[in-house]
Amino acid sequence: MTTFSEKGLSALAAIAVMVLLSVLGLAVASVVSNSKEIYRDQYFYDRTSYVTQAGIEYAMRKIYEGANPVVDPPGINFGGGNFTISRAGRQVTVTGTYSTSQAVHSVTSPSHADCTEFDLTHAEIDNEKLSHIQFQKICLEQTVLDKINISWSNPGTEGLQKVRVESSTIYDNPPVPSGQVAELADYIMNGGNNNNFNEIKFTNDMEGKTFTISFIMGDGSAESYTFTPDDD
């Protein structure tokens, strides 16, 4: 029978220990390598999110300045990365890139109604003529007044006959009854100046009535107000 000497057993034990240490070493190296990759990926993700958020803030600032937010490739450099911005209708899409990491985030821009401020606090009625209503574009490059729907208390045979903003007549057609939509010649606002309804004219004396006006914008959004104008 073959037996191992103590020296042989010691050698085998040493080999076993070396193998075990090698396996443990490989395992530790793998864990360290994986940890580094996880840390790197998390770092890239965090930096990409930071760059993308900067792009969203940039786009919104441009919209509220009345400027085009689109940024074509190669984009704007920020924080060691860069971002680009595209727009389709009201959807604004920001793509942020940092090293090999990329993030895409979409937001909805304000509507034409959101970006148009109406002021009816000084509205007056003088017989059949409603006036002293103002409006102003406060964001976006352009907003469009497309339609108007006016209803009033105790409606009878009277109707909306004419609408004039500044020097432009944007409605002058057959009378529109209370609560029906009047299709206007599009009134386009590019700047930030006040625009005045110099004349909203009806077929009859409208003093003493309460009005509800819905301003319908070019993108389908709307703002509605109910008020009783002062008698002139």
Side-chain angles (χ1 to χ4, degrees), residues 17-119 134-147 184 186-195 214-225:
V17 170
M18 290 175 63
V19 170
L20 179 60
L21 289 175
S22 296
V23 171
L24 289 175
L26 288 172
V28 169
S30 177
V31 170
V32 170
S33 177
N34 288 338
S35 296
K36 286 183 178 179
E37 289 182 4
I38 292 170
Y39 174 80
R40 182 198 63 194
D41 291 346
Q42 184 63 47
Y43 177 77
F44 284 175
Y45 173 82
D46 291 342
R47 299 300 296 180
T48 304
S49 298
Y50 179 57
V51 171
T52 305
Q53 182 61 39
I56 293 169
E57 292 175 5
Y58 174 92
M60 291 298 102
R61 184 174 73 251
K62 285 296 182 182
I63 287 171
Y64 278 92
E65 289 174 351
N68 186 353
V70 171
V71 176
D72 294 322
I76 292 177
N77 294 327
F78 183 86
N82 66 79
F83 60 81
T84 60
I85 303 171
S86 62
R87 180 170 64 175
R90 290 182 60 197
Q91 181 171 285
V92 177
T93 301
V94 178
T95 301
T97 303
Y98 184 89
S99 186
T100 58
S101 180
Q102 188 175 83
V104 179
H105 189 79
S106 294
V107 294
T108 302
S109 74
S111 67
H112 285 203
D114 294 331
C115 287
T116 306
E117 188 174 75
F118 293 90
D119 182 4
Q134 295 183 328
F135 58 106
Q136 179 185 25
K137 181 184 75 65
I138 58 174
C139 54
L140 291 175
E141 305 101 292
Q142 174 180 285
T143 61
V144 179
L145 179 61
D146 182 41
K147 302 178 181 70
L184 308 175
D186 287 353
Y187 188 81
I188 300 171
M189 292 162 281
N190 293 308
N193 297 327
N194 278 330
N195 301 268
S214 181
F215 301 100
I216 304 168
M217 310 303 291
D219 63 353
S221 58
E223 287 282 346
S224 295
Y225 301 85

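Closest heavy-atom contact between P69 and A59: CB-O, 3.7 Å. Heavy-atom minimum distance, I56 versus H105: CD1-CD2, 3.2 Å. When all heavy atoms are compared, the tightest approach of H112 to G218 is ND1-N, 3.9 Å. Here the shortest heavy-atom pairing between S106 and T93 reads OG-OG1, 2.9 Å. Taking each heavy atom of T52 and V94 in turn, the nearest pair found is O-CG1, 3.7 Å. Nearest heavy-atom pair across I85 and G55 is CD1-O, 3.6 Å.
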Exercise for review: Test L145 against T116 for side chain to side chain contact (heavy atoms under 4.5 Å, CB included), laying out the working first.
Suggested key: CA-CA 9 Å; L145 179 61; T116 306; over 6 Å; no
Point to revise | From CA spacing to verdict: ring-ring contact (aromatic ring centres under 6.0 Å, His included), F118, F215 | key: CA-CA 9 Å; F118 293 90; F215 301 100; 4.1 Å; yes
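To the nearest 0.5 angstrom, D186 atom CG is 8.0 Å from L184 atom CG. Of the inter-residue distances, the one linking I76 atom CD1 with N82 atom CG reads 9.5 Å to the nearest 0.5 angstrom.
With hydrogens and angles disregarded, a donor-acceptor distance shorter than 3.5 Å links the side chain of R90 to the backbone of S109. Using modelled atom types, no side-chain atom of N194 and backbone atom of Q134 make a donor-acceptor pair closer than 3.5 Å. Judged by distance alone, with hydrogens and angles left aside, the side-chain atoms of Q102 form no donor-acceptor pair with the main-chain N or O of T97 at under 3.5 Å. In this structure a side-chain-to-backbone donor-acceptor pair under 3.5 Å is present from N195 to F135. With hydrogens and angles ignored, the 3.5 Å screen pairs a side-chain donor or acceptor of R47 with a backbone N or O of G79.
Applying the side-chain hydrogen bond (donor to acceptor under 3.5 Å, both in side chains) test to residues at least two apart or on different chains, the pairs with a partner in residues 57-79 are Q53-E57.
Applying the ring pair (Phe, Tyr, Trp, His ring centres under 6.0 Å) criterion to F44, with sequence neighbours excluded, gives Y98. Take F78 and apply the ring pair (Phe, Tyr, Trp, His ring centres under 6.0 Å) test, not counting sequence neighbours, and it matches Y50.
Between S214 and I216 there is a side-chain heavy-atom pair separated by less than 4.5 Å. With a 4.5 Å cut-off on side-chain heavy atoms, M189 and M217 count as touching.
S111 and D114 share a donor-acceptor pair across their side chains, judged by distance under 3.5 Å alone.
By the 6.0 Å contact criterion, OH on Y225 is enclosed, its count of non-hydrogen atoms from other residues, nucleotides or ligands being greater than 12.
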